[in-house]
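The structure displayed is predicted, hence computed values, not measured ones. Below, chain A is the first sequence line, B the second, and so on; all start at residue 1.
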Amino acid sequence: MPNDFTKLLLEWNRSGNTRQMPWKGEKDPYKIWLSEVVLQQTRVEQGLAYYEKFIERFPTITDLAMAPDELVFKTWEGLGYYSRCRNLLATARTIAFEKSGVFPDSYEDILKLKGVGPYTAAAIASFAFGQPQAVLDGNVFRVLSRYFGICTPIDTPEGKKLFSQLAKALLYQDDPAVYNQAIMDFGAVVCKPQQPACETCILRGDCQAFQLGCIDRIPVKSRSILRRNRFFYYFILSWKGGYYIRQRKESDIWQNLHEWVLLERSEILEADAAGFKKELKILLDTAVGEVREISVVQKQQLTHQTISGRFIRVELQTPLPENSGYRLVRREELSAIAFPRYITRYLETHPL
DNA sequence: AAGCCGGGGAT
DNA sequence: ATCCCAGGCTT
């Protein structure tokens, strides 16, 4: 027998939830998994086009598993958190080639997949296989903390444990999939982070945060993130119609994506052609050509870093040495290679 | 347990 | 500017 919260939530879902999404009611675990990974820390509106594009290009998990890495990364380009893409591909290959294309159907086995944590495992288990696993995402944290007036920080082990138990206890056993979908829809549409629709909310009579007038202070988070400033100077070196790039490998931002010749500094550098030419010469330990253009300062905000810098176009007079770490690619090849947004944004206004 | 990993939209 | 998003991995 459902409790009051679950009853009210299901009532809202029946009568007041008009939210539509392509994966709603979907039972194919591949599509569920794909949609969930795309949507990790990503708004539905932002992820939607990527989901459609993946399904179109890779209709089955085997299609995805057999695809070249670069095509998959190119499809993911611009969505961010690129480890999701790397793990997506690894898991597709594991399932396609080691599990005969059969998606695991128990929560425990789903949880073992790369890139699949407690939330995604619960989502797949409930949506694709109807299992009684309660999802716990940003929406659920917010809805439950407000409704029950819980001030325990949600980003601590204690908070995670508390909300996990609560979510489990509230789950509608007769239809876990509908319940999970409903609570996330409710959090996204009604119990929003800012300016929630309390005036029309059918749960407000029992909502502790609303009754106490502290909606805007719940959920509570313990730590605040601090950002560091980094300064990237990208040299776009051209040689005989080609351009030098490399793939980022270090454990740093934008892993697996490509970039131009990078000079990183701890401060902003002026648009000084002679200065940049000198820096480049030191960086590559080789003669360099003419500096054609230096861009204005471009800035991008990441979660833990603020990237600022310039793009410097240089026409080489000799090719780079073989051991430079960079490879020469033709201009036409660049459209198949994945770059971080910081670079594609520049290219939008400064085509090669 | 804390820190790190993108990009975009809303406020 | 700040917050947050259908979180998960690494250290």
A.B. asks: Give a yes or no on whether the backbone of A:Y342 and the side-chain of A:Q298 come within a donor-acceptor separation of less than 3.5 Å.
C.D. replies: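 Side chain of A:Q298 to backbone of A:Y342: a pair is present.
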
A.B. asks: Between A:G115 and A:G187, just flag the one whose closest nucleotide in DNA chain C comes earlier from the 5' side.
C.D. replies: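 Looking at DNA chain C, the more 5' nearest nucleotide goes with A:G187.
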
A.B. asks: With sugar-phosphate meaning primed atoms plus P, OP1 and OP2, does A:G78 contact a base, only sugar-phosphate, or nothing at under 4.0 Å between heavy atoms?
C.D. replies: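 Sugar-phosphate contact only - A:G78 comes under 4.0 Å of backbone atoms but never of a base.
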
A.B. asks: For A:Q173, does the CD atom sit with more than 12 other heavy atoms under 6.0 Å from it, leaving out its own atoms?
C.D. replies: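 Counting other residues, nucleotides and ligands, CD of A:Q173 exceeds 12 neighbours.
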
A.B. asks: Please classify the nucleic acid contact of A:W33 as base, sugar-phosphate, or nothing, using heavy-atom distances under 4.0 Å.
C.D. replies: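 Result for A:W33 = nothing.
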
A.B. asks: Would you find more than 12 non-hydrogen atoms of other residues, nucleotides or ligands less than 6.0 Å from A:K99 atom NZ?
C.D. replies: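 No.
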
A.B. asks: Given atom OH of A:Y81 and atom P of C:dC5, what is their separation to the nearest angstrom?
C.D. replies: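 Rounded to whole Å, this separation is 12 Å.
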
A.B. asks: What does A:Q255 touch in the nucleic acid at a heavy-atom separation under 4.0 angstrom: a base, only the sugar-phosphate, or nothing?
C.D. replies: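 Touches nothing.
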
A.B. asks: Take the angle between the ring planes of A:F54 and A:W76 and call it parallel below 30°, perpendicular above 60°, tilted in between.
C.D. replies: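 Perpendicular: the ring planes of A:F54 and A:W76 meet at over 60°.
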
A.B. asks: Looking at A:E77 and A:R341, is any side-chain nitrogen of the basic one under 4.0 Å from a carboxylate oxygen of the acidic one?
C.D. replies: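 Between A:E77 and A:R341 there is no salt bridge, as every charged N stays at least 4.0 Å from the carboxylate O atoms.
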
A.B. asks: If you look at every strand shown and take non-hydrogen atoms under 4.0 Å, does A:Y82 touch a base, only sugar-phosphate, or nothing?
C.D. replies: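 Sugar-phosphate: the residue A:Y82, judged by heavy atoms under 4.0 Å, touches backbone atoms but no base.
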
A.B. asks: Quick check: does any side chain N or O of A:R84 sit under 3.5 Å from a backbone N or O of A:L79, one acting as donor and the other as acceptor?
C.D. replies: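 Yes; at least one donor-acceptor contact below 3.5 Å.
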
A.B. asks: Report the distance from atom OH of A:Y119 to atom C1' of C:dC9, rounded to the nearest whole Å.
C.D. replies: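 Between C1' of C:dC9 and OH of A:Y119: 18 Å.
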
A.B. asks: Look at the side chain of A:Q300 and decide which nucleotide, out of C:dA6, C:dG7, B:dG7, has an atom nearest to it.
C.D. replies: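 Given the options C:dA6, C:dG7, B:dG7, the side chain of A:Q300 is closest to B:dG7.
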
A.B. asks: Contact class for A:N180 (heavy atom, under 4.0 Å): base, sugar-phosphate, or nothing?
C.D. replies: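 Nothing, no nucleic acid heavy atom in range.
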
A.B. asks: Please report the distance separating the P of C:dA6 from the corresponding atom of B:dC5, rounded so that it comes out in whole Å.
C.D. replies: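 So the two P atoms sit 22 Å from each other.
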
A.B. asks: Tell whether A:Q40 reaches the base of C:dG8 with its side chain through a donor-acceptor pair below 3.5 angstrom.
C.D. replies: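 In this structure, the two groups form no donor-acceptor pair.
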
A.B. asks: A:R217 CZ to C:dC3 P: how many Å, rounded?
C.D. replies: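 Answer to the nearest Å: 16 Å.
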
A.B. asks: Between A:T42 and B:dG7, is there a contact of a side-chain N or O with OP1 or OP2 at under 4.0 Å?
C.D. replies: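 A:T42 to B:dG7 OP1/OP2: no side-chain N or O under 4.0 Å.
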
A.B. asks: Take atom NE2 of A:H304 and atom P of B:dA2, then tell me their distance rounded to the nearest Å.
C.D. replies: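 About 13 Å, once rounded to whole Å.
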
A.B. asks: For the pair made of CD in A:Q41 and C1' in C:dA6, what is the distance, rounded to whole Å?
C.D. replies: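 About 9 Å, once rounded to whole Å.
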
A.B. asks: Starting at the 5' end of DNA chain B and moving along, which residue's nearest nucleotide shows up first, A:K192 or A:L226?
C.D. replies: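 Checking each residue's closest nucleotide, the 5'-ward one belongs to A:L226.
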
A.B. asks: How long is the gap from CG on A:L257 to CZ on A:F73, to the nearest 0.5 Å?
C.D. replies: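 Here the rounded value is 7.0 Å.
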
A.B. asks: Looking at every strand, decide which applies to A:R43 at a 4.0 Å heavy-atom threshold: base, sugar-phosphate, or nothing.
C.D. replies: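 Base: the residue A:R43, judged by heavy atoms under 4.0 Å, touches a nucleobase.
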
A.B. asks: Whole angstroms only, please: what is the NZ-P distance between A:K221 and C:dC4?
C.D. replies: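 From A:K221 NZ to C:dC4 P: 5 Å.
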
A.B. asks: Let's see if you can work this out: which of C:dC5, B:dA1, C:dG7 has an atom nearest to the side-chain heavy atoms of A:P157?
C.D. replies: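 Nearest to the side chain of A:P157 among the choices is B:dA1.
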
A.B. asks: Nearest of B:dT11, C:dC5, B:dG6 to any side-chain atom of A:T303?
C.D. replies: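 Nearest nucleotide to the side chain: B:dG6.
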
A.B. asks: Heavy atoms only, 4.0 Å cut-off, all strands: where does A:S83 land among base, sugar-phosphate and nothing?
C.D. replies: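 No contact at all - A:S83 keeps every heavy atom at 4.0 Å or more from the nucleic acid.
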
A.B. asks: For a quick test of reading the model: is some side-chain N or O of A:W76 closer than 4.0 Å to OP1 or OP2 of B:dG6?
C.D. replies: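 False: A:W76 side-chain N/O out of range (4.0 Å or more) of B:dG6 OP1/OP2.
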
A.B. asks: Report which part of the nucleic acid A:T156 touches: base, sugar-phosphate, or nothing (heavy-atom distance under 4.0 Å, all strands).
C.D. replies: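 Nothing: the residue A:T156, judged by heavy atoms under 4.0 Å, touches no strand.
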
A.B. asks: Assign each of A:I225 and A:L136 to its nearest nucleotide of DNA chain C by heavy atoms, then name whichever residue's nucleotide is nearer the 5' end.
C.D. replies: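 Nearest nucleotide further toward 5': that of A:I225.
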
A.B. asks: Let me know the distance between OH of A:Y50 and C1' of B:dG6, rounded to the nearest Å.
C.D. replies: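 Roughly 10 Å, once rounded to whole Å.
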
A.B. asks: Given B:dG6, B:dG8, C:dA6, identify the nucleotide with an atom nearest to the side chain of A:R345.
C.D. replies: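 Nearest listed nucleotide: B:dG8.
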
A.B. asks: Nearest of C:dG7, B:dC5, C:dC4 to any side-chain atom of A:Q305?
C.D. replies: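 That would be B:dC5.
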
A.B. asks: Using OP1 and OP2 only, check whether a side-chain N or O of A:Q301 sits under 4.0 Å from B:dG8.
C.D. replies: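 False: A:Q301 side-chain N/O out of range (4.0 Å or more) of B:dG8 OP1/OP2.
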
A.B. asks: Counting the atoms with a prime plus P, OP1 and OP2 as sugar-phosphate, which does A:V116 contact under 4.0 Å by heavy atoms, base, sugar-phosphate, or nothing?
C.D. replies: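 Since only primed, P, OP1 and OP2 atoms lie under 4.0 Å of A:V116, the category is sugar-phosphate.
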
A.B. asks: What's A:Q181 touching, base or sugar-phosphate or nothing? Going by heavy atoms closer than 4.0 Å.
C.D. replies: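 Counting heavy atoms under 4.0 Å across all strands, the contact made by A:Q181 includes a base.
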
A.B. asks: Would you classify A:R86 as touching base, sugar-phosphate or nothing, given that sugar-phosphate means primed atoms plus P, OP1 and OP2, and contacts are heavy atoms under 4.0 Å?
C.D. replies: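 No contact.
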
A.B. asks: Is A:L79 touching bases, backbone alone, or none of the nucleic acid, heavy atoms closer than 4.0 Å?
C.D. replies: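 If one applies the 4.0 Å heavy-atom cut-off, A:L79 turns out to touch a base.
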
A.B. asks: Rounded to the nearest Å, what distance is computed from the CD atom of residue A:E36 to the C1' atom of nucleotide C:dG8?
C.D. replies: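 Atom-to-atom, A:E36 to C:dG8, this comes out as 14 Å.
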
A.B. asks: Can you tell me how far P in C:dG8 sits from the matching atom in B:dG8, rounded to whole Å?
C.D. replies: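 About 22 Å, rounded to a whole number of Å.
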
A.B. asks: Examine B:dG8: is either OP1 or OP2 under 4.0 Å from a nitrogen or oxygen in the side chain of A:R341? Give yes or no.
C.D. replies: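 Yes, within the criterion.
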
A.B. asks: Please determine, for the side chain of A:R223, which listed nucleotide (C:dA6, B:dG3, C:dG7) has the closest atom?
C.D. replies: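 Looking only at heavy atoms from C-beta outward on A:R223, the closest nucleotide is B:dG3.
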
A.B. asks: Could you measure between the two P atoms, the one in B:dG3 and the one in C:dC3, and give it in whole Å?
C.D. replies: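 One P to the other, the span is 16 Å.
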
A.B. asks: Do A:L212 and A:Y147 share a hydrophobic cluster (ILVMFWY, side-chain heavy atoms under 4.5 Å, transitive)?
C.D. replies: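 The answer is no; the residues belong to distinct hydrophobic clusters.
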
A.B. asks: A:R19 near the nucleic acid: base, sugar-phosphate alone, or nothing, with a heavy-atom cut-off under 4.0 Å?
C.D. replies: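 Base: the residue A:R19, judged by heavy atoms under 4.0 Å, touches a nucleobase.
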
A.B. asks: Closest to the A:N139 side chain: C:dC9, C:dA6, B:dG7?
C.D. replies: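 The closest nucleotide is C:dA6.
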
A.B. asks: Which nucleotide sits closest to the side chain of A:Q194: C:dG7, B:dC5, B:dT11?
C.D. replies: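 The answer is B:dT11.
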
